[in-house]
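Input: a single structure, listed below in C-alpha cells.
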Amino acid sequence: MKDFVHLHVHSEYSLLDGFAATNAIAGRAVELGMDSIAITDHGVMYGAMEFYTNAKKAGIKPIIGMEAYMAPNSRSDAMTRGAKNYYHLLLLAKNEVGYQNLARLTTRSHLDGMGKGVFARPRIDRELLEQHHEGLVLTSSCIAGEVIQHLTDNQKSKAREIAADYRDLLGPENYFLELQLHDNTPELEEINDELVRIGAELGIPLVVTNDTHFVRAEDVEAHKMIMALGFNMTLKELCAKNYQMDETYHIMS
C-alpha cells in the first residue's frame, strides 16, 4: 500500500520518548516507497527545519506537525499530581499559514501554558486554537486524546460532544478521528469501532495512523532504554511496570 502516509511520527525531539533521527525518518519513507511523511513531536517543533531539510534531500514531501498538549480548561491552570492536566491533540500544517500558526501555538504554549515542576508541559487551550487554527488539520490523536479518554471512561455522550465541537471549530474537512492499533493496547479495537460510529453519526472523516516512536521494529530495545531514562527507572523496573512500548510503534509498511 504505497499511497499510505505516516501522519503520527515522533522523532528524537520528543525528548526521552522518541528514538528516531529525522534523516532516518525520511530514509525509512523512501525505503517503503512512500512519497510523504510527517513529524509530530510532543509539544515542540525543535526538529521541524532539520526534518524538512532531510526530507527534501531524500525526495520526500515533509509534513510539519506537532502532538500538542491540550489543557482541559485553561492553559494557565496549575498542573498537579493525579489530575487530568492535559490531553493529546495532533496538529498538521497544510500550508504556510498553518505552519505559522503551529509556530504561534507552540510559542504561546511554552510562554503561557508551561506551568512549573515535574508535571510541566507546554499546553495550548481552546482559546489559542480559536485564534490560530487557520491552515491546520487536527486529529483526535492517540489513546491519550480527549475524545478517546472520554470513551475509555465510558462517557460516550461527552466524547461525541467534544468531537462535534472540534468539527464545528475547524470545519469537517479539517478534523479527523484517528484510528490506531497497537499490540500492547488491545482496547483500541473496541475504541476504533466506537470512533467509526461517531464519525458516521457526526459526519467526521477517519484517518488511520501508527503512533511511531522509532524507525524499525528492532529499535524497540533501544527505545525501552530511552523510556527508562525518561521515567528515571532501571530497564528492569520499567519492564516490571509494563510501561514500555512494543515493536508495533515503528514506521511500518
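This chain uses plain numbering: 1 for the first residue, then up along the sequence.
When hydrophobic clusters are built by joining Ile, Leu, Val, Met, Phe, Trp and Tyr residues whose side-chain heavy atoms come closer than 4.5 Å, directly or via intermediates, Leu136 is not grouped with Val44. Under the 4.5 Å side-chain heavy-atom criterion for Ile, Leu, Val, Met, Phe, Trp and Tyr, Leu92 and Val97 are members of distinct hydrophobic clusters. One hydrophobic cluster, built from ILVMFWY side chains closer than 4.5 Å, holds both Leu89 and Leu169. Taking hydrophobic clusters as Ile, Leu, Val, Met, Phe, Trp and Tyr residues chained together by side-chain heavy-atom distances below 4.5 Å, Val208 shares a cluster with Ile198. In terms of hydrophobic clustering, with Ile, Leu, Val, Met, Phe, Trp and Tyr side chains grouped at heavy-atom distances under 4.5 Å, Ile37 and Met252 are assigned to different clusters.
When only modelled atom types and interatomic distance are considered, Glu178 and Ser141 share no side-chain donor-acceptor pair under 3.5 Å. Between the side chains of Thr248 and His182, a donor-acceptor pair is found at a separation under 3.5 Å.
Ring pair His88/Tyr69 is perpendicular by interplanar angle, where above 60° counts as perpendicular and below 30° as parallel. A tilted orientation is assigned to the rings of Phe214 and His223, their planes being inclined by 30° to 60°. The aromatic rings of Tyr13 and Tyr46 lie perpendicular to each other, with more than 60° between the two planes, well past the 30° mark.
Distance check, rounded to the nearest 0.5 Å: CG of Leu235 to CG of Leu229 gives 9.5 Å. Residue Glu134 holds its CD atom at 6.5 Å from CG of Asn101, rounded to the nearest 0.5 Å. With values rounded to the nearest 0.5 angstrom, Leu188 atom CG is found 6.5 Å from Gln180 atom CD. The NZ atom of Lys56 lies 8.5 Å from the NZ atom of Lys61; values are rounded to the nearest 0.5 Å. With values rounded to the nearest 0.5 angstrom, Met66 atom CE is found 10.0 Å from Asp41 atom CG. Expressed to the nearest 0.5 Å, how far CE of Met225 lies from OG1 of Thr234 amounts to 12.0 Å.
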Checking Leu7 against Thr139 for the side-chain contact (heavy atoms from CB on, under 4.5 Å) test, could you report, in this order, the C-alpha distance in whole Å, the side-chain angles of both residues, the deciding distance, and whether it holds? CA-CA 10 Å; Leu7 296 176; Thr139 82; over 6 Å; no

Yes or no on side-chain contact (heavy atoms from CB on, under 4.5 Å) for Gln149 and Lys84, after CA distance, side-chain angles and deciding distance? CA-CA 10 Å; Gln149 283 288 290; Lys84 176 53 71 177; 3.1 Å; yes

Report the C-alpha distance between Gln131 and Arg104 in whole Å, list the side-chain angles of each, state the deciding distance to 0.1 Å, and finish with yes or no for side-chain contact (heavy atoms from CB on, under 4.5 Å). CA-CA 10 Å; Gln131 296 171 7; Arg104 292 186 181 103; over 6 Å; no

Could you check Ile226 against His213 for side-chain contact (heavy atoms from CB on, under 4.5 Å), going step by step and ending with a plain yes or no? CA-CA 11 Å; Ile226 294 289; His213 285 251; over 6 Å; no

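Salt-bridge check for Glu127 with Arg108: failed, with every basic side-chain N at 4.0 Å or more from each acidic carboxylate O.
Put simply, the side chain of Arg123 gets close to the backbone of Asn85: a donor and an acceptor are under 3.5 Å apart. Panel note: side chain His10, backbone Thr40; a donor-acceptor pair is recorded below 3.5 Å. Side chain of Asp77 to backbone of Ser74: a donor-acceptor contact under 3.5 angstrom is found. Counting only distance, with no hydrogens or angles, the side chain of Asp125 and the backbone of Ala71 share no donor-acceptor pair below 3.5 Å. Between the side chain of His132 and the backbone N or O of Leu128, no donor-acceptor pair lies under 3.5 Å. Asp35 places no side-chain N or O within donor-acceptor distance of the main-chain N or O of Asp3, the cut-off being under 3.5 Å. With Thr106 contributing its side chain and Leu102 its backbone, the two residues share no donor-acceptor pair below 3.5 Å. Remark: the backbone N or O of Glu161 is not paired with any side-chain donor or acceptor of Asp165 at under 3.5 angstrom.
Side chains of Asn210 and His6 form a contact here, defined as non-hydrogen atoms less than 4.5 Å apart. Residues Glu50 and Ser11 form no side-chain contact, since every pair of their non-hydrogen atoms from C-beta on lies 4.5 Å or further apart. Here the side chains of Leu179 and Val196 are in contact, with some heavy-atom distance below 4.5 Å. Asn192 is not listed as a side-chain neighbour of Leu206, based on a closest heavy-atom distance of 4.5 Å or more. Counting only heavy atoms from C-beta outward, the side chains of Val220 and His250 never approach each other to under 4.5 Å. Contact annotation: the side chain of Leu195 approaches that of Leu151 to within less than 4.5 Å [non-hydrogen atoms, C-beta and beyond]. Looking only at side-chain heavy atoms (C-beta outward), Met45 and Ile64 come within less than 4.5 Å of each other.
The local environment of CD in Gln100 is crowded, with over 12 non-hydrogen atoms from other residues, nucleotides or ligands closer than 6.0 Å. Residue Glu189 qualifies as open at atom CD: its count of foreign heavy atoms under 6.0 Å is 12 or below. For Glu237, the CD atom sits in a packed shell: over 12 heavy atoms of surrounding residues, nucleotides or ligands are nearer than 6.0 Å. The local environment of NZ in Lys158 is sparse, with at most 12 non-hydrogen atoms from other residues, nucleotides or ligands closer than 6.0 Å. Glu173 CD: more than 12 foreign heavy atoms inside a 6.0 Å radius. Around the NZ atom of Lys57, the shell of radius 6.0 Å holds no more than 12 heavy atoms that belong to other residues, nucleotides or ligands.
Remark: of the listed residues Asn184, Asp211, Thr212, Asn184 is the sole one forming a side-chain hydrogen bond (donor to acceptor under 3.5 Å, both in side chains) with Tyr249. For the side chain to side chain contact (heavy atoms under 4.5 Å, CB included) criterion with Tyr166, the lone passing option out of Leu177, Ile204, Asn174, Leu129 is Leu129.
For the residue pair Met49 and Tyr99, the shortest heavy atom distance occurs at SD-OH, 3.6 Å.
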